Amino acid sequence: MHDRMLGEGPSARPVRDRRDLLAAGVTIAAVLLVIVSALSVGGTLIRADGAGLSVADNLTISVLLLNIALMLLGWRRYRALKYEVELRRAAEARASELATSDPLTGMLNRRALAEAGARLIDQVLPRNGSLAMLMIDLDHFKSVNDMHGHLAGDQLLRAASDAIVAPLPDNALAARLGGDEFACAFPFNPDDPSAVESVADAILARMKEPFAIGGVQARIGASVGIARTEPGCRTIDTLMRRSDIALYAAKRAGRNQRAWFDSSMERELELRNEIELGLRAGIPSGQIVPWFEPQIDLATGAICGFEVLARWEHPDHGVIEPAVFIPVADESGLIGELSMSVMRAAIAEARQWDPALILAVNISPTQMRDPWLAQKIVKLLTELNFPAERLEIEITEAALLENQGFALAIIASLKNQGIRVALDDFGTGYSSLTHLRAMPLDRVKIDRSFVLRMVEDADAAALVRMIVSLAEGLNIEVVAEGVENAEIAALLGEIGNLTVQGWHFGRAAPARNTRGLLAGRGQLIAASPSAVAGGVVAMRQGRKKRA
Ligand code: C2E
Ligand code: CA
Ligand code: CA
């Protein structure tokens, strides 16, 4: 709409100017005519001999009156046009203001920032200066908006805008690019980039503080990506793109971080986009498959279950680890679909195992925000006719901390359905002990970072001991994960009656290998002999390959 209003200005101007000229011309012509006819009437009156005015004299007077009328008309028309011109000028100024600024905060908009930024670059570069661009994205703005309404959201955006503008130098540009994304740009001495960092830090420090919005305290936070003009980055487009890439990196590093652009980020972003595209095609076509890591009863050495770990069996790139694609699936909203499809395949597989075996599946923090999660899982269990008691959902402490009330509700509905719940990566959160008491948990899984260090680090061993005794007191089972060698296994054996998993007992393996493993132990029910034999062969080959 703004574009349209701006576009009308220049093309309308010549037409109006012509009309101005015409009105002025008519008025001037009328004035000249009045003067000429007045002179001629004057002459007639001097020659009059008292016998009255002749017909010609009458004509001259009529012309004079006509001219006066014309003159008045022209003058009025000129005034009216002048007024119209003023109105249009004011409307145009407003339109151009609207076209260059964000109506909510009064900051520049994206286009105006790009235009003004390009001009600043032209001024700064010849003087050996540099232009810094900060791209700022608010964290948790959406939840404030959802919880307290759009008016509160608008208020918060205005407050955030003030917080961004406050530490900026005088000649800085500041813009709201849309939603909760802001940017600012200012020249700085390229020998002193710390000046730029101080500005970014001041913005981050303010964003960490609560904002008083309509009687409530809103807590947000922000991430800042920074880029600067330098060889290879001399246009506003590159500068904006680079600061955007840096922002993405800052967000990935966690909340309230700033990051300078560096060229490795660009490649990383391309890779991320490739992964996302690959997942969009790969999930529905079944490329993401469950692998199974055995869980062992340490006292007896018996397999008591498996943890399901997703693997991407990529047609071109081979097997891809979850560390590569789970974060991308999480960010791009694909994790729910991915996890459910892996869970479905895993359950289908586990139906062929000894019914005493537990199947443990991982749920990411993002999935814990889905109010229908428990229903979706129950539906899957019903569809595949799999007993709820055999399924265990692993929830991380991080997911709990993010939204405790909601997470507790989900856990309660899972438990109501008879599904088991385990707390994963235990010990890495902050209020661990409180969680253990407050939740109806079946198991805690001691994070592998502690288990791995047990042998050489007395503190880690002490912590493992403490968790085990605490859990026993609360009647919660304990799983120690990351048991890489016999030494760790022996130490754990001294501590208590635990379930263990880790490379010492067996790495995650594909379904057919797992089938072979179970067949060898007589823990398989529904497989044909040939399938089992095939599984055993595949398993041996897998072992040889790893050795
Ligand atoms: P996690 O749930 O903590 O899974 C345990 C990880 O530790 C697995 O890595 C496993 O291979 C590895 N591990 C097992 N034994 C040892 C050991 O002895 N030493 C060491 N150093 N590591 C060991 P993996 O398979 O790469 O999975 C990484 C993470 O990806 C998992 O961490 C889990 O959070 C996530 N993940 C995997 N599959 C899924 C899935 O289907 N859905 C979701 N939401 N997350 C998944
Ligand atoms: Ca896990
Ligand atoms: Ca874990």
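Only this structure's heavy atoms are used, side chains among them; waters, hydrogens and symmetry mates stay out. Whatever order the structure lists ligands and atoms in, that order sets their numbers, starting from 1. This is a predicted model, so every value here is computed, not measured.
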Exercise. Is atom 29 (C) of ligand 1 in close reach of the protein, with a heavy atom under 4.0 Å away?
Worked result: no
For this session: Identify, for atom 13 (N) of ligand 1, the protein heavy atom at the shortest distance, and state residue, atom and that distance.
Result: Trp503 NE1, 3.7 Å
Problem set entry | Residues Arg176, Glu181: salt bridge by 4.0 Å N-O rule | no
Exercise. In the protein, which heavy atom is nearest to atom 41 (O) of ligand 1, and how far is it?
Worked result: Ala310 CB, 3.5 Å
Seminar exercise, completed: Candidates Glu484, Arg507, Arg448; heavy atom nearest atom 32 (O) of ligand 1 found on Arg448
Seminar exercise, completed: If you scan protein heavy atoms around atom 10 (C) of ligand 1, the nearest is Glu293 OE1, 3.5 Å
Problem set entry | Sub-4.0 Å atoms of ligand 1 with respect to non-hydrogen atoms of Asp424 | 2 (O)
For this session: If you have a sec, work out which protein heavy atom is nearest atom 34 (O) of ligand 1 and how many Å separate them, to one decimal?
Result: Asn362 OD1, 4.4 Å
Exercise. Between Arg521 and Gly516, is there a donor-acceptor pair closer than 3.5 Å when you use the side chain of the first and the backbone of the second?
Worked result: no
Problem set entry | Residue portion contacting ligand 1 (non-hydrogen atoms closer than 4.0 Å) for Ser339 | side chain
Exercise. Does ligand 1 have an atom under 4.0 Å from some heavy atom of His504?
Worked result: no
Exercise. Side-chain donor-acceptor pair under 3.5 Å between Gln295 and Glu307, yes or no?
Worked result: no
Problem set entry | Asp137/Lys251 salt bridge by N-O under 4.0 Å criterion | yes
Exercise. Closest non-hydrogen protein atom to atom 31 (C) of ligand 1, residue and atom name please, with distance?
Worked result: Leu309 CD2, 4.2 Å
Exercise. Hey, are Glu349 and Arg515 close enough for a salt bridge, meaning a charged N less than 4.0 Å from a carboxylate O?
Worked result: yes
Exercise. Between Trp260 and Glu197, does a side chain to side chain donor-acceptor pair (under 3.5 Å) hold up when you go through it step by step?
Worked result: CA-CA 9 Å; Trp260 280 95; Glu197 288 163 8; 2.8 Å; yes
For this session: Please name the atom of Glu307, restricted to N, O or S, that is closest to the Ca ion (ligand 2).
Result: OE2
For this session: Would you check whether Gln367 reaches within less than 4.0 Å of ligand 1, judged by its heavy atoms?
Result: yes
Problem set entry | Nearest to the Ca ion (ligand 3) - the N/O/S atom of Asp425, by atom name | OD1
Exercise. Given OE2 of Glu481 on one side and OD1 of Asp424 on the other, what angle do they make at the Ca ion (ligand 3), to 10°?
Worked result: 110°
Exercise. Do Glu313 and Trp291 meet the criterion of a side-chain donor-acceptor pair at a distance under 3.5 Å?
Worked result: yes
For this session: State, with a plain yes or no, whether a side-chain heavy atom of Val444 is found less than 4.5 Å away from one of Asp424.
Result: no
Exercise. What do we get for Gln501 next to ligand 1 when only non-hydrogen atoms under 4.0 Å count, side chain, backbone, both or neither?
Worked result: neither
Problem set entry | Residues Arg252 and Glu331 bridged, charged N to O under 4.0 Å | yes
Exercise. For ligand 1, is Gly482 a contact, meaning one of its heavy atoms is under 4.0 Å away?
Worked result: yes
Exercise. After noting the C-alpha distance and the side-chain angles of Asp330 and Ser364, does the key distance pass the side chain to side chain donor-acceptor pair (under 3.5 Å) rule?
Worked result: CA-CA 8 Å; Asp330 243 324; Ser364 84; 3.1 Å; yes
Exercise. Quick check, are the ring centers of Trp353 and Phe292 under 6.0 angstrom apart?
Worked result: yes
For this session: Enumerate the atoms of ligand 1 whose separation from the nearest heavy atom of Glu307 is less than 4.0 angstrom.
Result: 2 (O), 4 (O)
For this session: Enumerate the atoms of ligand 1 whose separation from the nearest heavy atom of Asp425 is less than 4.0 angstrom.
Result: 3 (O)
Seminar exercise, completed: Only residue of Glu394, Glu389, Glu477 satisfying salt bridge (Lys or Arg N to Asp or Glu O under 4.0 Å) with Arg420 is Glu477
Problem set entry | Six-ring centre of Phe261, Arg241 cation under 6.0 angstrom, axis tolerance 45° | no
Exercise. Polar-atom distance check: Leu452 versus ligand 1, any N or O pair below 3.5 Å?
Worked result: no
For this session: Using protein heavy atoms only, decide if any is under 4.0 Å from atom 22 (N) of ligand 1.
Result: yes
Seminar exercise, completed: In ligand 1, the atoms that come under 4.0 Å of a heavy atom of Glu481 are 3 (O)
Problem set entry | the Ca ion (ligand 3) contact by Asp447, N, O or S atom under 3.0 Å | no
For this session: Could you list the atoms of ligand 1 found under 4.0 angstrom from a heavy atom of Glu321?
Result: 26 (O)
Problem set entry | Ile446 vs Glu481 side-chain heavy atoms within contact, under 4.5 Å | no
Exercise. Given atoms OE1 of Glu394 and OD1 of Asn362, what angle do they subtend at the Ca ion (ligand 2), to the nearest 10 degrees?
Worked result: 90°
Problem set entry | Donor on one side chain, acceptor on other, Gln367 and Ser339, under 3.5 Å | yes
For this session: Could you tell me if any non-hydrogen atom of Met343 lies under 4.0 Å from any atom of ligand 1?
Result: no
Seminar exercise, completed: atom 26 (O) of ligand 1 has as its nearest protein heavy atom Pro322 CG, 3.4 Å
For this session: Examine ligand 1 and decide if any of its atoms is less than 4.0 Å from a heavy atom belonging to Ala323.
Result: no
Problem set entry | Side-chain donor-acceptor pair present, Glu484, Trp503, cut-off under 3.5 Å | no
